[in-house]
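Note: hydrogens, waters and symmetry copies are ignored here, and every other heavy atom, side chains too, is used.
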Amino acid sequence: MTTGACTLASSRAVLVHDAAMEPFMDPAEQYAMFATDARDSPCFSEWAAAVARDEEVLAWLATLPPIKQQPNLVFAAARWHGVPAPGPYDALRSALLDDDGTIRETILSRSTQTNEAGRMATLLPAITSLGLEGPISLLEVGASAGLCLYPDRWGYAWRTEAGEVRLGGEPRLTCAVRGALPPLPDRLPEVAWRGGLDLNPGDVTDEDAMAWLENLVWPEQDERRERLRHAIAIARAEPPRLVRGDLLSDLPDLLEVAAGQGPVVVFHSAVVAYLEPEGRERFHDLMTGLVADGACHWVSNEGKGVLPRITETGPPVPEGHPTFVTGVDGRAVAWTHGHGRSLRWVAGS
Ligand SMILES: C[S@@+](CC[C@H](N)C(=O)[O-])C[C@H]1O[C@@H](n2cnc3c(N)ncnc32)[C@H](O)[C@@H]1O
């Protein structure tokens, strides 16, 4: 298994440089990059930097399947079993090295399904750029619990260089807009239908599943925890239609259902990184075909190296800049913060 992990890692390291959203890299490299990418969380950043230098912990990680070695998952599992975060690295280290199988079992049985409603602040300008009239159908692939399917139920505050642009009421999703003004909507979208597809759809009525989602929020980020609770309450009031399935094989059936309700926008964020490189290419081709057939529009939001054919349509991303790239129908329109906190509109630049 270790050999397999190294082989996978070396073939993928050339494709991506975004540890926060690249679950297949060599662990030492993945943790070292995560230490930079996770600077929003001093605790996780410090833990990741320490793991990257810790041969014993790296050896422990190497006994896990490659997809399960991700910092986000390992740290979340340790917290789930009582490791304090924020807290000292030594507590994490001993919990992993002395684990009686409890943490390992959580790592193996759960996954990083982080569902970040804040991403809607960066997705909505991309949807707006499509210029669709009237109510739309929103279909999210890799929806987790579907918490990003409610852009019409939040307010927004885009902090542009010319001042704050507000839409809707409280609570607001805030987003710093850098550079050119993106197409910001002047009214909330009308959503005729909302639904999603996920390998493991989250059930907003399941307390344990929602507690795990909360546990995935980085330690110091109380604001994100607060937002998550509100997003769960919104979805509980009107649960989305979530279907268990694989985005490579099960999208067309759900698309047919959505198409009866209005122009369909298929979107995804922080999902395609979980596919092998060949699957990423197949998904890109699938979506390109659906868009060309007029079956839907496509809004993508992934780490910069995940869908390189989209990233390449925009300006070159500076080396070492850990950004997501948002695409519309296969073309890069924005560089975005992975949790939706900021946005740089790059379409046409
Ligand atoms: C990090 S979460 C992102 C959730 C949501 N898109 C968001 O932005 O908050 C990734 C989700 O993708 C799902 N996923 C991964 N591979 C998938 C596949 N092949 N088909 C469908 N869903 C998949 C996972 O189960 C997980 O719920």
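Using a 3.5 Å distance cut-off with no hydrogens or angles, the side chains of Asp54 and Tyr89 do pair a donor with an acceptor. Under the 3.5 Å distance criterion, with hydrogens and angles disregarded, a donor-acceptor pair is assigned to the side chains of Glu220 and Ser41. Of the N and O atoms on the side chains of Thr106 and His81, at least one donor lies less than 3.5 Å from an acceptor on the other residue.
Geometrically, Arg104 engages Trp60 in a cation-pi contact defined by less than 6.0 Å to the ring centre and at most 45° from the axis. A cation-pi geometry, defined here as NZ or CZ lying under 6.0 Å from the six-membered ring centre and within 45° of its normal, holds between Arg110 and Trp212.
Side-chain atoms of Asn301 do not come within 3.5 Å of backbone N or O of His268 as any donor-acceptor pair. No side-chain donor-acceptor contact under 3.5 Å links Lys304 to the backbone of Thr323. In this structure a side-chain-to-backbone donor-acceptor pair under 3.5 Å is present from Ser144 to Gln113. A donor-acceptor contact shorter than 3.5 Å links the side chain of Glu302 to the backbone of Val272.
The local environment of CZ in Arg331 is sparse, with at most 12 non-hydrogen atoms from other residues, nucleotides or ligands closer than 6.0 Å. More than 12 heavy atoms of other residues, nucleotides or ligands shown are found within 6.0 angstrom of CZ on Arg236. Residue Glu223 qualifies as open at atom CD: its count of foreign heavy atoms under 6.0 Å is 12 or below. By the neighbour-count criterion of 12 heavy atoms within 6.0 Å, atom CD of Glu238 is densely surrounded, having more than that number from other residues, nucleotides or ligands.
The pair Arg166-Glu164 meets the salt-bridge criterion, since a charged nitrogen lies less than 4.0 angstrom from a carboxylate oxygen. Between Glu214 and Arg229 a salt bridge is recorded (basic side-chain N to carboxylate O distance below 4.0 Å). Note on Arg224 versus Glu116: salt bridge recorded, some NZ/NE/NH1/NH2 to OD/OE distance being below 4.0 Å. Using a cut-off of 4.0 Å between Lys/Arg side-chain N and Asp/Glu carboxylate O, Glu312 and Arg309 are scored as not salt-bridged. A salt bridge links Asp222 with Arg225: the closest approach of a Lys/Arg side-chain nitrogen to an acidic carboxylate oxygen falls below 4.0 angstrom. Salt bridge absent: Asp250 and Arg244 never bring a charged side-chain N and a carboxylate O closer than 4.0 Å.
Put simply, the side chain of Ser342 does not reach to within 4.5 Å of the side chain of Trp335, judged on heavy atoms.
Across all non-hydrogen atoms, the minimal contact from Ala117 to Leu147 is CB-O, 4.0 Å.
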